[in-house]
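A quick write-up on the structure given underneath.
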Amino acid sequence: MVSALTVPVVDEAAVRAALADVADPEIPAISIVDLGIVERFDVAEDVIRVELLPTFVGCPALDAIAAAVEERLAGFGRPVEVRFGFSVPWTTDRITERGRRHLAKSGFAPPGDDTCPYCGSADVLTDNLFGPTQCRSTRYCRSCRQPFEAFKLV
Amino acid sequence: MSLAEPPRTGSAAADALDPRTRAALAELLFTIADDEFVSGFTDSEWTGIAPLLEEDVAISSISQDELGHARALYQLLVDVVADGRDEDQLAYDRSPDEYRHCRLLDHPRGDWADTIARRYLYDTADGIRLDALAESSFAPLRELVAKIRREERYHLMHVSAWLERLASAGGEPRERLLLALDRLAPDAGTVLSPLPNDLSLVMAGIIDSSFDELDARWRVEVGRVFERLGLSMVLPVADPLTARTNHSDAFRWLHGEFTAVRREQPGATW
């Protein structure tokens with residue numbers, strides 16, 4: 001007989017909470033849950049399966065994200081299977097309200113927000129549609145003279 | 001829906017096709033994957049030396065997108081071809097003559113005007129090809145295309161702005177753009193040149209129009225922009241038999257570059 005003390009609770013709520021701890025490796029201010037890339041997960045007797053949606057097709061962080069999910073769920077004591085799919089396209093409207101707040105707080109304009117995350121001014125120029133990672137653009141605030149990055153609207 | 005249900009994999013979808021359609025689909029996927037792969041590698045040659053810092057970032061990011069699209073398409077091909085080759089073998093272990101990218105992408109990177117002209121001609125044609133696959137009956141491709149189109153939109157905005165900038169600048173920028181268009185024009189029509197079996201793809205609902213129709217659509221779109229920018233261009237119709245064969249020396253050099261790691265370290269992965 002297995003004592004309840006030695007078996008961690010493995011239910012949907014526990015797995016969801018654990019996934020909410022996994023940060024996006026390129027923008028650690030936001031979790032993969034708030035980023036909206038956790039399409040679904042399934043807690044079975046013998047395995048935990050997680051399906052994730054890539055933000056960009058060629059995102060080089062996918063392997064790092066899969067490894068972080070596996071590591072975070074390892075404590076549940078059963079195999080973890082992570083796979084990426086395109087069953088629905090990930091879009092920026094999958095980012096949660098909390099995720100948008102966390103982005104803005106760390107200096108990234110949330111997708112579709114044309115104001116400066118530092119001073120709130122709308123006097124902002126798009127410096128480059130592209131940025132240091134596939135999902136980001138670079139902008140410049142003419143009011144507080146601060147360059148910043150914006151999450152691309154996709 | 002629970003994940004315990006078997007996932008709808010590419011191989012199940014491919015197995016449901018009759019052999020003729022499956023072969024035509026493989027042909028189509030190789031052309032798109034190789035186009036994205038070769039254009040991504042060619043433009044990655046700008047990393048570190050683009051004319052402006054902003055453009056260094058932009059062209060590197062675009063190249064990264066294109067190589068990502070190629071990788072996802074080669075992964076799809078693994079299931080469609082199903083001959084035991086993995087995505088890396090498909091991407092890297094073919095001889096130059098086995099690549100099916102179009103001759104437009106056989107041109108070397110060239111100067112910035114060459115790159116803008118080549119990208120503009122390719123991205124507009126590729127956009128029309130992707131539109132025609134948006135409702136594809138082959139679900140794994142439809143799903144991937146939905147994602148790719150959202151990224152290509154940015155590439156098209158970027159290259160259209162540059163085309164306009166060079167064309168409107170007058171002087172040397174416009175002169176260089178005209179020279180680049182002259183060099184590329186004979187091969188511009190190769191992107192949407194008919195594939196040998198594209199009609200069976202239309203019949204199976206994998207693509208919504210024949211390549212002849214897509215090519216005609218592309219000429220209208222590009223013609224309108226060229227007219228507005230005062231660029232008079234003759235874009236000859238490509239010969240389908242040579243549109244994706246007889247690759248250039250420039251491509252043979254690039255092939256040597258992108259297979260170098262793989263040849264030195266057999267089995268090296270993405």
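Proteins come first, then strands; the chains are lettered A, B, ... in the order of their sequence lines, and each starts at number 1.
Judged purely by distance below 3.5 Å, without hydrogens or angles, the side chains of B:Trp46 and B:Ser60 never pair a donor atom with an acceptor atom. Using modelled atom types, one finds no donor on one side chain facing an acceptor on the other under 3.5 Å when comparing A:Glu149 with A:Thr133. For the residue pair B:Arg119 and B:Thr115, no side-chain donor N or O sits within less than 3.5 Å of a side-chain acceptor on the partner.
Across B:Arg150, B:Glu151, B:Glu66, the residue that shares the most heavy-atom pairs under 4.5 angstrom with chain A is B:Glu151. Between chain B and the residues A:Gly131, A:Pro132, A:Cys59, the largest count of heavy-atom pairs under 4.5 Å involves A:Gly131. In terms of heavy-atom pairs under 4.5 angstrom with chain B, the leader among A:Asp127, A:Thr138, A:Val47 is A:Asp127.
Heavy atoms closer than 4.5 Å to chain B are found in both the backbone and the side chain of A:Leu153. For A:Thr55, the part lying under 4.5 angstrom from a heavy atom of chain B is the backbone only.
A cation-pi contact, defined as under 6.0 Å to the ring centre and within 45° of the axis, is absent between A:Arg49 and A:Phe41.
Here B:Ser137 pairs with nothing under the side-chain hydrogen bond (donor to acceptor under 3.5 Å, both in side chains) rule; sequence neighbours left out.
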